[in-house]
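Each remark here refers to the structure printed beneath this line.
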Amino acid sequence: MSSVKPDYLRRRLLQGAAATWLLSISGVGAAAATSSVIAVRVWPSSTYTRITLESSTPLKYNQFTLANPNRIVIDIENVQLNSVLNGIANQVQSSDPYLKMARIGQFDPNTVRLVLELKQNINPNLFTLKPVAEFKNRLVVDLYPSNGSADEADDPLLALLKEYNQGALEKDPPAELPQAGKAGRDRPLVIMLDPGHGGEDPGAIGKRGTREKDIVLQIARRLRTLIQKDPKMKVYMTRDEDVFIPLKVRVAKARKQRADLFISIHADAFTDRSANGSSIFALSTKGATSTAAKYLAQTQNEADEIGGVSKSGDRYLDHTIFDLVQTAAINNSLKFGKEVLTRMGKVNKLHKNKIEQAGFAVLKAPDIPSILIETAFISNLEEERKLRTTAFQQQLAESIFTGIKAYFATIKY
Ligand SMILES: [Zn+2]
């Protein structure tokens with residue numbers, strides 16, 4: 001693309017009406033110096049709808065709302081309408097709970113106007129994201145329902161997402177002690193399952209096109225069904241649909257439910273397709289135990305920048321917040337991980353025979369024993385094939401469940 005900066009172009013355009021007129025009728029000069037929108041995605045979910053415009057250069061925008069009918073108008077500067085942008089209208093699904101339709105047009109020679117017609121009162125949240133992984137510059141429009149406090153009380157995820165987007169979550173919720181009483185005797189053991197990725201963030205993608213986000217959700221649902229049958233346990237999921245949830249919100253959700261255990265479920269990927277086997281990670285207070293663990297922690301933590309605003313990557317690690325509670329939680333995480341890994345070793349080859357430790361953002365609930373399970377390598381042809389089968393998914397779920405019960409039997413809450 002052209003190296004002319006949008007600001008420079010703007011100034012140049014303002015230098016004379018004649019120049020502007022020439023550019024707008026020829027179309028060529030303007031098109032060469034503007035941002036090019038290369039992808040548009042619309043992700044509806046029950047909690048919120050996300051619209052992402054991906055572009056070669058950062059997008060500048062202005063936004064306002066109109067009533068009767070409810071609309072959000074977004075003017076995007078230095079952009080020319082193209083077939084990608086025009087395609088947004090067809091991406092809106094009739095089942096979308098928040099978005100009724102999207103219209104787009106060239107408002108003036110320099111501005112594209114996007115009009116979002118809404119189905120209900122909406123609290124929009126717009127922000128831009130810098131390039132990360134395979135994603136370029138993005139303008140993100142999140143549409144949250146603004147129906148008052150009743151809805152938020154019903155949906156803790158919605159409340160947490162809003163807090164996160166308002167920057168309130170950055171302060172970190174105060175540590176809530178585990179629930180009183182012995183789990184399994186006085187109260188159920190509370191387990192938070194965290195299917196990795198979702199929405200705009202597909203996670204790793206296998207050679208046959210299998211997406212990590214879909215497989216891990218299926219495995220988590222199978223595991224949930226097993227846990228639900230045990231009256232001594234209570235289970236929650238950080239997501240139960242194809243939606244993007246920031247890492248910090250996943251952890252905050254576990255803390256809000258005062259979970260006793262946090263289990264993040266993933267499928268591994270590596271450039272070398274021969275890599276295979278299951279592995280389990282626990283948080284480390286120090287550096288990652290291996291280069292691979294370090295690399296993995298970095299790529300998983302990147303997920304937050306793929307779909308959201310990463311607000312405090314390493315706060316817990318950077319500050320001297322690690323106290324005895326954290327150390328105890330890490331020891332318990334290792335113990336818990338070991339019980340699960342032993343059982344998983346009976347249904348799949350193990351990638352490493354011991355629990356690896358790394359600084360995963362998603363494991364940073366300082367008081368909840370937490371593990372991250374890499375069920376298998378989706379980048380390995382044979383393991384990708386297995387991950388797609390219900391039989392293997394069920395075996396994985398059952399091995400994790402057996403590991404939970406074994407750990408539960410050894411620990412006093
Ligand atoms: Zn993953």
>> Looking at Ser399 and Leu396, would you say the former's side chain and the latter's main chain have a donor-acceptor pair under 3.5 Å?
In response: yes
> Between CG of Asp242 and CH2 of Trp43, what distance do you get to the nearest 0.5 Å?
Replying inline: 4.5 Å
>> To the nearest 0.5 Å, what is the distance between OG1 on Thr238 and CG on Asp194?
In response: 3.5 Å
> Any donor-acceptor pair under 3.5 Å linking the side chain of Arg250 with the backbone of Ile245?
Replying inline: yes
>> Checking the side chain of Asp272 only, and the main-chain atoms of Phe270 only, is there a donor and an acceptor separated by less than 3.5 Å?
In response: no
> Stepwise, does the side chain to side chain contact (heavy atoms under 4.5 Å, CB included) test hold for Asn137 with Leu59?
Replying inline: CA-CA 7 Å; Asn137 290 280; Leu59 292 172; 6.0 Å; no
>> Nearest 0.5 angstrom please: Ser333 OG to Leu372 CG, how far?
In response: 11.5 Å
> Backbone N or O of Leu223 within a donor-acceptor pair of the Thr225 side chain at under 3.5 Å?
Replying inline: no
> So Val115 and Arg113, side chain to side chain contact (heavy atoms under 4.5 Å, CB included) or not? Walk me through it.
Replying inline: CA-CA 6 Å; Val115 180; Arg113 173 164 285 186; 3.9 Å; yes
>> Could you tell me if Glu77 and Thr111 have a donor-acceptor pair between their side chains, going purely by distance under 3.5 Å?
In response: no
>> Please verify the inter-ring angle class for Tyr407 with Phe336; under 30° counts as parallel, over 60° as perpendicular, anything in between as tilted.
In response: tilted
> Is the shortest heavy-atom distance from the side chain of Ile51 to the side chain of Val140 under 4.5 Å?
Replying inline: no
> If we only count heavy atoms from C-beta on, is the Val73 to Leu66 side-chain gap below 4.5 Å?
Replying inline: yes
> What is the distance from atom CD1 of Ile74 to atom CD1 of Ile104, rounded to the nearest 0.5 Å?
Replying inline: 9.0 Å
> Where is the tightest heavy-atom contact between Val347 and Lys386, given as atom of each residue plus distance?
Replying inline: O-NZ, 4.4 Å
> So, does Glu241 use its side chain to make a donor-acceptor pair with the main chain of Ser46 at under 3.5 Å?
Replying inline: yes
> How close do Pro369 and Asn332 get, heavy atom to heavy atom, and via which atoms?
Replying inline: CG-CB, 3.7 Å
>> I need the minimum non-hydrogen distance between Tyr48 and Ser45, along with the two atoms involved.
In response: O-OG, 2.6 Å
>> Measuring only between side-chain heavy atoms, which start at C-beta, is Leu193 closer than 4.5 Å to Ile227?
In response: yes
> Do the side chain of Ser278 and the main chain of Thr375 share a donor and acceptor less than 3.5 angstrom apart?
Replying inline: yes
> Is there any ring-ring contact (aromatic ring centres under 6.0 Å, His included) pair reaching into residues 87-118, and which pairs are they, with sequence neighbours excluded?
Replying inline: none
>> Between Ser146 and Asn123, do the side chains contain a donor N or O and an acceptor N or O under 3.5 Å apart?
In response: no
> Counting N and O atoms only, with roles assigned by atom type, does the side chain of Gln357 sit under 3.5 Å from a partner on the main chain of Ala282, one being a donor and the other an acceptor?
Replying inline: no
> Got a sec, which residues hit salt bridge (charged side-chain N to carboxylate O under 4.0 Å, His left out) with Arg343, two or more places apart in sequence or on another chain?
Replying inline: Glu339
>> Please list all pairs meeting ring-ring contact (aromatic ring centres under 6.0 Å, His included) that have one or both residues in residues 369-389, counting only residues at least two apart or in different chains.
In response: His351-Phe377
> Run the side chain to side chain contact (heavy atoms under 4.5 Å, CB included) check on Arg222 and Glu398 step by step: do they pass?
Replying inline: CA-CA 8 Å; Arg222 289 176 186 282; Glu398 274 164 19; over 6 Å; no
> So how far is it from Arg208 CZ to Glu384 CD, rounded to the nearest 0.5 Å?
Replying inline: 5.5 Å
>> Is it the case that the side chains of Gln395 and Asn348 hold a donor-acceptor pair, with the cut-off being a distance below 3.5 Å and no angle test?
In response: no
>> I want to check something: taking the side chain as every heavy atom from C-beta on, are Val340 and Lys338 in contact at a cut-off of under 4.5 Å?
In response: no
>> Can you list everything that forms a salt bridge (charged side-chain N to carboxylate O under 4.0 Å, His left out) with Arg71? Sequence neighbours excluded, please.
In response: none
>> Looking at Asp75, is its backbone amide N or carbonyl O close enough to the side chain of Gln63 to form a donor-acceptor pair, meaning the two atoms are under 3.5 Å apart?
In response: no
>> What's the separation between atom CZ in Arg239 and atom OG1 in Thr47, rounded to the nearest 0.5 Å?
In response: 11.5 Å
> Will you find, in the side chains of Asn86 and Ser83, an N or O donor that is under 3.5 Å from an N or O acceptor?
Replying inline: no
> Looking only at atom types and distance, does a side-chain atom of Asn82 sit under 3.5 Å from a main-chain N or O of Val37, one as donor and one as acceptor?
Replying inline: yes
> Taking all non-hydrogen atoms of both residues, which atom of Val79 and which atom of Gln106 are closest, and how far apart?
Replying inline: O-NE2, 3.1 Å
> Can you pull the salt bridge (Lys or Arg N to Asp or Glu O under 4.0 Å) pairs that have at least one residue in residues 82-102, sequence neighbours excluded?
Replying inline: Lys100-Glu117
> Any side-chain heavy atom of Ile378 within less than 4.5 Å of one from Glu383?
Replying inline: no
> Can you name the salt bridge (charged side-chain N to carboxylate O under 4.0 Å, His left out) partners of Glu54, sequence neighbours left out?
Replying inline: Arg41
>> Using the rule given for side chain to side chain contact (heavy atoms under 4.5 Å, CB included), can you reason through Ser55 versus Leu53, listing the C-alpha separation, both sets of side-chain angles and the distance that settles it, and then say yes or no?
In response: CA-CA 6 Å; Ser55 152; Leu53 306 181; over 6 Å; no
>> Minimum heavy-atom separation for Ile205 and Arg211, please, with both atom names.
In response: CG1-CG, 4.3 Å
> Are Arg385 and Glu382 within salt-bridge range, i.e. N to O under 4.0 Å?
Replying inline: yes
>> Looking at every heavy atom in both Asp260 and Pro188, which two are closest together, and how far apart are they?
In response: OD2-O, 4.0 Å
> Is there a donor in the side chain of His266 and an acceptor in the side chain of Glu374, or the other way round, less than 3.5 Å apart?
Replying inline: no
> For the side chain of Glu212 and the backbone of Asp268, is there at least one donor-acceptor N/O pair under 3.5 Å apart?
Replying inline: no
> Looking just at side-chain N and O atoms, do Ser36 and Ser56 make a donor-acceptor pair shorter than 3.5 Å?
Replying inline: no
> Checking side-chain contact (heavy atoms from CB on, under 4.5 Å) against Ile404, which of Leu226, Asp230, Val235, Ile263 comes through?
Replying inline: Ile263
>> Whether Asp201 and Lys213 form a salt bridge (side-chain N of Lys/Arg under 4.0 Å from carboxylate O of Asp/Glu) is what I want to check.
In response: no
>> Any salt bridge linking Asp240 with Arg224? Criterion: basic side-chain nitrogen under 4.0 Å from a carboxylate oxygen.
In response: yes
